[in-house]
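A short write-up of the structure that comes next.
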2 protein chains.
Amino acid sequence: MANSTSQTKPKRVRRDRKDEILEKATALFGEYGFQGATLARIAEATGLTEPGVLHYFPSKVHLLQGVLEYHDRKEVERYSGILQKEKESVFEILKLHEGVLIEEQKTPGLIQLFVVLVGESVRSDHPSHDFFVERYRRVREMYVEQFLRMNQPRFRRDVEPEKLATLILAVVDGLQIQWLLDPQKVDVQAAFELFSKMVAGYMSE
Amino acid sequence: MANSTSQTKPKRVRRDRKDEILEKATALFGEYGFQGATLARIAEATGLTEPGVLHYFPSKVHLLQGVLEYHDRKEVERYSGILQKEKESVFEILKLHEGVLIEEQKTPGLIQLFVVLVGESVRSDHPSHDFFVERYRRVREMYVEQFLRMNQPRFRRDVEPEKLATLILAVVDGLQIQWLLDPQKVDVQAAFELFSKMVAGYMSE
DNA sequence: TCTTACCTAACTAGCGCTAGGTAAGAAATT
DNA sequence: AATTTCTTACCTAGCGCTAGTTAGGTAAGA
C-alpha cells in the first residue's frame, strides 16, 4: 500500500472541494477552452473521478458558469475599491488600468481563460455567450460613468465616452491576445503607455 | 515521376471542389471553432460525405491548415496593392485600415473564424498556433516598415514603430471581438475614427 | 487500363452523463 | 452511551452518442 495514508480512514474531510475544482477548471478551460477541456482531465487534476466532479456541479455547463461567476466575483472585489475612487483625469484612469494590466500578467491562466472563452462564445448559442455580452456592456458602462463623474475642466466635448470606453477595452483585449501568442515579442506595458499618452494628449488638446 | 509539369493534367473536370470545401469549412470553423465544427457538417455543406472531404484533405487538421493558408493568400492579394503604396502620414495609413475594417464587416464569418481560432490557438499545441504567431509577427513588421518608409517630416522620434504597430493591431482585434459579441451596441467605425484622431494628433504634436 | 473522385460501412476512442453503490460522519432516537 | 437513521461525499461500471478516421468498393474519364 505504499505511501497511502492508511486505509482505515479513507475519507478525509474536504471542506472547500468546490473551490478546488473551480481553480483547476479555470486553468484547464483556459488552456483548452470549454469544449477542449474534458471533465476527465478536470477530475484528474482535482484528484477525483468524473462523477466526483459532477457531484458538485450537475453538468459541465454548470461548472463553466461556476468558474465564470467565481472569477467575476473575485475580480470585482479585487478592483472595485480602486475603480470606485474619484479620479481627476482620463490619464489617471488609464494609469490605474495599466497597473491592473501588469498585475494580470502574473496570472496568464486567467487571461487565457477569458481570451479563449470570449473567442468561443462569440457564437450566440455558446453557454457563456450571454455572460460575456453582459460583462462587456457592464464594463463599458462603468467606464462611461467614470468619465462622466470626472471633474476635468478640459474634457473634450466631442469625445463620446461610449467610444472611448469601447476603445480602451479593445486595446486591453487586443494587447492580451498578442501577448499570449508571443510573450517575448510583445511588450504590453510599452504599448499601453503609448496609448495612454495618445489619449491624454488628445483629451486635453 | 514527379515535378516536371507532367502535361496530362490529373485535375478533374469537376469544378474546384477543393476551394468549395475550403469556403464551406471557413464558414463552419468560423461559426463553431475548429473543435466545434464537425467534418460531418462540412461534408454535408459541400454535398459530400465525410470520406469525400478526406479525399482532398487527409485529416481535419490538414483542412484547417488549408483554410488558413487559403485566406491568408487571398487577403494578401486583396490588400497588398493598397498597402504597398507610398503613404504620407500615419493618419493616411489608418484611414486605409479603417476602410479595410469596414469592408471586413461584410464577411462576419471570416472575422469570426479568425477571432475564434486565435482564441483557441493561444495554446502552444493547437494546430494553428504557429500560423498565428507567425502571422502577427509578419503583420507587425509590415506596419513597422510602412512607418519607416513614410516621408513625414514631423514623425515623432520617441514613438517606436513597434509599439504603434502592436497597438493598432490590438485595436483592430479588440474592436472586432466586441462587435461580434454585441453588433448593435458597438460602433466599430466610430471607435476606430476616434483612435485615428488620437494617433494623428499625437504623432504630429 | 489507370487514375481520380467519390461512395458505404464500419471501427475506435472519447465524450458527457447516469445508475447505483459504499463508507464516513452527523443527527436523531433509544 | 449505544444504536439507528440520514446525509454527504465520493466511487465503479457502463450507457449512448458522436467524433475522426480507415477499408474497400464502384463508376467514369483520360
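Chain A is the first sequence line, chain B the second, and so forth, proteins listed ahead of strands; every chain is numbered from 1. Since we're looking at a predicted model, the values are computed, not measured.
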Min side-chain heavy-atom separation Phe192(A)-Leu94(A) under 4.5 Å: yes
Tyr143(A) ring center near His97(A) ring center (under 6.0 Å): yes
Residue pair Gln176(B), Glu104(B): steps toward the side-chain hydrogen bond (donor to acceptor under 3.5 Å, both in side chains) verdict: CA-CA 10 Å; Gln176(B) 280 175 340; Glu104(B) 283 180 344; 3.1 Å; yes
Carboxylate-amine/guanidinium contact Glu120(B) Arg123(B), below 4.0 Å: no
Tyr32(B) to Gln35(A) - nearest heavy-atom pair and separation: O-NE2, 4.0 Å
For atom CG of Leu54(B) and atom C1' of dG20(D), their distance in whole Å: 8 Å
Whole angstrom value for the distance that separates P of dC6(C) from CG of Asp16(B): 12 Å
Atom-pair distance (CD on Gln35(A); P on dC17(D)), nearest Å: 20 Å
Interatomic distance, Tyr32(B) OH vs dG20(D) P [rounded to whole Å]: 14 Å
Those residues of residues 36-45 of chain A lying under 4.0 Å from DNA chain C by at least one heavy atom: Ala37(A), Thr38(A), Leu39(A)
His55(B) side chain, from C-beta outward: closest of dT21(D), dC6(C), dC11(D): dC6(C)
N-O pairing of Arg41(B) and Glu31(B) below 4.0 Å: no
Separation of atom OH in Tyr56(A) from atom P in dC17(C), rounded to whole Å: 18 Å
Gap between atoms NZ and C1', on Lys18(A) and dC10(D) respectively (whole Å): 15 Å
Non-hydrogen atoms of Leu54(A) and Ser59(A) that approach each other most closely: CD2-CA, 3.8 Å
Strand DNA chain D in bracket notation, Watson-Crick/G-U under 3.5 Å with | for pairs to another chain: ||||||||||||||||||||||||||||||
Cation-pi, Phe57(B) ring and Lys18(B) (6.0 angstrom, 45 degrees): yes
Between C1' of dA9(D) and CD of Glu50(A), the distance in whole Å: 17 Å
